[in-house]
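I have placed the structure first, in the form of structure tokens, so that the comments after it can refer back to it.
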Amino acid sequence: PLADIGVTGLATMGRNLARNLARNGHVVAVHNRTQARTDALIAEHGSEGTFVPTSSLRELAAVLKRPRTVIVMVQAGAPTDEVLDQLAEVLEPGDIVVDGGNAHFIDTRRRESTLRERGIHFVGVGISGGEEGALNGPSIMPGGTPEAYQTLGPILESIAAKVDGTPCCTHVGPDGAGHFVKMVHNGIEYADMQLIAESYDLLRTVLGKTPAELAEIFRGWNEGDLESFLIEITAEVLATKDPRGDQPLVDVILDQAEQKGTGRWTVQIALDLGSPVSGIAEAVFARSLSAHAAQRAAARELLAGPTEAVSIDDPDTFVGDVRRALYASKVVAYAQGFDMIRAGSQLYDWNIDLGKIATIWRGGCIIRARFLDRIREAYEKRPDLPSLMVDPYFAKAVSEGQASWRRVVSVAAAAGVPVPGFSATLAFYDGLRRDRLPAALIQGMRDLFGAHTYRRIDADGTFHLDWSGDRSEREA
Ligand code: NDP
């Protein structure tokens with residue numbers, strides 16, 4: 001029989017996606033540049049479903065049902081372009097090419113328009129959930145045309161994670177929309193991890209809790225509003241002992257965080273969009289700072305820390321404060337991410353449904369959490385919500401958490417514990433809710449040194465003051 005779908009690129013991700021497809025009843029044609037990977041897949045997992053091994057892209061094209069659908073799971077960047085060029089030679093107008101790699105959405109837009117000229121539907125698909133998700137159900141964020149989604153959608157939905165029976169896969173929007181949303185997903189993931197790490201640091205430094213005690217605290221937090229994959233694995237990491245000794249594993253891991261680039265992309269693009277994703281940006285910068293080993297070593301010698309110890313009257317109250325601060329900061333970080341998706345959607349005309357994005361992040365992906373159901377509800381109730389922060393549920397949650405949040409940031413400052421995530425998100429909250437901002441003063445300065453003009457609260461138009469002359473105002 002002809003195959004339903006093809007997969008080329010059978011390293012960790014492609015191999016697991018192909019197995020997931022086959023296990024869900026699809027006939028899967030498989031190909032890899034180096035034949036050995038194809039042979040290994042068939043030898044080790046051939047019995048899990050119906051695979052059609054092929055040894056060239058031409059052969060792959062020949063064994064597929066029309067319109068053909070081929071998922072490309074090769075290394076991101078130049079290798080993807082190479083494979084797409086080769087595929088374009090063997091495919092026909094109407095066929096669908098899917099890039100499931102971690103492509104930058106700008107590359108996806110370029111590839112989509114190149115292949116569109118040849119009549120081929122190019123679909124950039126964000127896939128989250130890592131190796132395990134690819135096999136057992138990832139969260140899938142496909143871009144591309146609605147026509148392509150008609151063919152591709154049911155297949156992807158069949159292999160996606162399910163929450164309450166709903167697949168974690170939806171047509172995000174045209175061209176690069178899927179990869180854009182995956183990028184912001186990763187940015188939010190950075191912020192969430194940073195906020196959890198700050199909570200850990202505070203409780204450990206200020207209260208002197210051990211990693212084992214902290215594992216218990218996080219396990220408890222995983223029962224309520226904070227219930228999420230990231231809190232669950234935090235407890236697991238903290239409870240784990242060094243296999244080479246008896247100390248906690250977290251104490252022997254080098255404290256220099258690495259990054260593969262999607263968090264950085266989120267911040268770069270946010271700057272272009274004018275989207276204030278401060279919680280995400282601080283998370284990316286905190287990883288960079290941690291990796292500056294030489295600067296840290298030099299500074300450790302010279303820069304003074306707090307001279308007075310911070311005393312906490314009631315440790316349990318402080319634990320509760322940190323939990324509420326974490327939740328409030330998390331709301332802000334997610335709100336910033338969703339605002340950025342809206343900004344991208346407006347600029348590129350993607351018409352992204354934010355409620356659907358929250359829906360498909362509820363399962364399969366790294367930021368899966370109970371909380372996303374609340375976000376889904378907020379956008380379903382009001383699709384044009386100006387910010388998650390003003391949805392009644394979230395407004396109440398952050399307002400109720402604010403006293404704890406402020407206490408935690410003050411204690412952190414007094415104790416010399418860096419909490420860039422907590423402070424940046426609290427500043428964002430205050431920036432958003434303040435009646436008047438000092439932006440007025442900035443506008444005044446800009447007009448003084450650069451005649452950049454200002455607007456008034458009591459009259460329409462733009463104005464300039466004759467700063468060096470008689471200080472009269474004229475309309476610009
Ligand atoms: P890798 O990124 O390690 O890529 C290896 C695969 O790419 C191999 O199949 C390799 O073929 C193929 N390849 C490399 N260069 C070429 C080329 N010039 N022509 C043809 N094939 C080439 O594989 P992963 O499975 O880790 O990831 C695949 C994609 O999925 C990447 O874009 C990655 O960013 C993304 N991704 C990965 C996740 C993960 O957790 N690993 C999660 C989500 C997305 P060969 O065997 O012949 O060398």
Side-chain angles (χ1 to χ4, degrees), residues 6-21 28-45 51 53-61 70-90 97-108 111 122-143 156 159-161 168-169 176 178-190 193 229 233 258-266 360-361 363-368:
V7 178
T8 181
L10 301 174
T12 317
M13 288 296 284
R15 169 188 170 102
N16 280 357
L17 267 189
R19 290 173 62 197
N20 187 348
L21 285 160
V28 190
V30 287
H31 168 263
N32 190 70
R33 177 181 62 180
T34 310
Q35 176 85 32
R37 283 198 205 268
T38 313
D39 298 343
L41 169 61
I42 301 302
E44 291 158 33
H45 304 287
F51 293 100
T54 67
S55 49
S56 69
L57 288 176
R58 189 166 298 281
E59 193 189 344
L60 183 74
V70 180
I71 302 186
V72 178
M73 281 310 283
V74 303
Q75 208 181 316
T80 301
D81 281 312
E82 233 176 90
V83 172
L84 293 181
D85 286 346
Q86 293 162 8
L87 268 175
E89 295 304 314
V90 299
V97 177
V98 176
D99 177 13
N102 256 336
H104 195 295
F105 79 98
I106 298 281
D107 287 334
T108 302
R111 290 167 181 152
F122 179 69
V123 183
V125 175
I127 301 181
S128 177
E131 189 179 341
E132 150 80 23
L135 183 61
N136 297 316
S139 173
I140 310 182
M141 297 151 249
L156 294 182
I159 63 162
C168 295
C169 173
H179 276 137
F180 181 92
V181 165
K182 169 72 193 325
M183 173 186 78
V184 177
H185 163 284
N186 286 26
I188 292 175
E189 175 186 312
Y190 274 54
M193 291 171 74
F229 173 67
I233 65 168
E258 296 178 12
Q259 42 185 322
K260 289 212 285 195
T262 38
R264 183 174 65 236
W265 291 350
T266 309
I360 63 169
W361 286 352
C365 63
I366 306 299
I367 63 172
R368 59 185 183 264

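Just so you know, ligand 1 is whichever comes first in the structure, and atom 1 is the first atom listed for that ligand.
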(message) I need the nearest protein heavy-atom contact for atom 7 (O) of ligand 1: residue, atom name and distance, please.
(response) Q75 N, 3.2 Å

(request) Compare every heavy atom of H31 with every heavy atom of L10, then report the nearest pair and how far apart it is. (result) CG-O, 3.4 Å

(message) Test your reading of the structure: does G130 have an N or O sitting under 3.5 Å from an N or O of ligand 1?
(response) no

(message) Suppose we measure from atom 28 (C) of ligand 1 to each protein heavy atom; which comes out shortest, and what is that distance?
(response) M73 O, 3.6 Å

(message) Under 4.0 Å from a heavy atom of E82: which atoms of ligand 1 are those, numbered in the order shown and with their elements?
(response) 18 (N)

(message) For atom 46 (O) of ligand 1, tell me which residue out of K182, M13, R37 has the closest non-hydrogen atom.
(response) R37

(request) Below 4.0 angstrom from a heavy atom of A76, which ligand 1 atoms are there? Numbered from 1 as shown, please. (result) 32 (O)

(request) Distance to 0.1 Å, residue and atom name: give those for the protein heavy atom nearest to atom 15 (N) of ligand 1. (result) P79 CB, 3.4 Å

(request) Identify the protein heavy atom lying closest to atom 29 (C) of ligand 1, giving its residue, its atom name and the separation to 0.1 Å. (result) V74 O, 3.6 Å

(message) Just verifying a value: how many Å separate E189 CD and T266 OG1, rounded to the nearest 0.5 Å?
(response) 10.0 Å

(request) Flag the pair R33 and E82 as a salt bridge only when some basic side-chain nitrogen lies within less than 4.0 angstrom of an acidic carboxylate oxygen. (result) no

(request) Considering the heavy atoms of G9, write down every atom of ligand 1 situated less than 4.0 Å from one of them. (result) 9 (O)

(request) Pull out every atom of ligand 1 sitting under 4.0 Å from any heavy atom of L10, numbered as shown with elements. (result) 9 (O)

(message) Is any side-chain heavy atom of T80 closer than 4.5 Å to one of R111?
(response) yes

(request) Mark whether atom 18 (N) of ligand 1 lies under 4.0 angstrom from at least one protein heavy atom. (result) yes

(request) Give yes if a backbone or side-chain nitrogen or oxygen of V83 is under 3.5 Å from a nitrogen or oxygen of ligand 1, and no if not. (result) no

(request) Mind listing the closest non-hydrogen atom pair of K182 and M141 along with its distance? (result) CA-SD, 3.6 Å

(message) To check you understand the geometry: which heavy-atom pair defines the closest contact between V98 and V125, and what is its length?
(response) CG1-CG2, 3.4 Å

(message) Contact between V7 and R15 at the side-chain level, heavy atoms closer than 4.5 Å - yes or no?
(response) no

(message) Let me confirm one number: the CZ-CD distance from R58 to Q86, rounded to the nearest 0.5 Å.
(response) 11.0 Å

(request) Provide the closest heavy-atom pair for G124 versus T108 in the form atom of the first, atom of the second, distance. (result) CA-CG2, 3.8 Å

(message) Among all the protein's non-hydrogen atoms, which is closest to atom 48 (O) of ligand 1, and how far away is it?
(response) R33 NH2, 3.0 Å

(request) Write out the residue and atom name of the closest protein heavy atom to atom 6 (C) of ligand 1, then the distance separating them to 0.1 Å. (result) A11 CB, 3.8 Å

(request) Could you list which atoms of ligand 1 come closer than 4.0 Å to a heavy atom of T12? (result) 25 (O)

(message) As an exercise, identify every atom of ligand 1 less than 4.0 angstrom from a heavy atom of I127.
(response) 43 (C)

(message) To check you understand the geometry: which heavy-atom pair defines the closest contact between A160 and I140, and what is its length?
(response) CB-CD1, 3.9 Å

(request) Kindly identify the option in I366, T38, N102, N186 whose heavy atom sits closest to atom 33 (C) of ligand 1. (result) N102

(message) Looking at every non-hydrogen atom in both residues, tell me the closest pair between N20 and G137 and how far apart they are.
(response) ND2-N, 3.6 Å

(request) May I ask which of T34, D99, V7 has a heavy atom nearer to atom 47 (O) of ligand 1 than the others do? (result) T34

(message) For atom 9 (O) of ligand 1, what is the closest protein heavy atom, and at what distance to 0.1 Å?
(response) N32 OD1, 2.7 Å

(message) Nearest 0.5 Å, please: how far is CG in L84 from CZ in F122?
(response) 5.0 Å

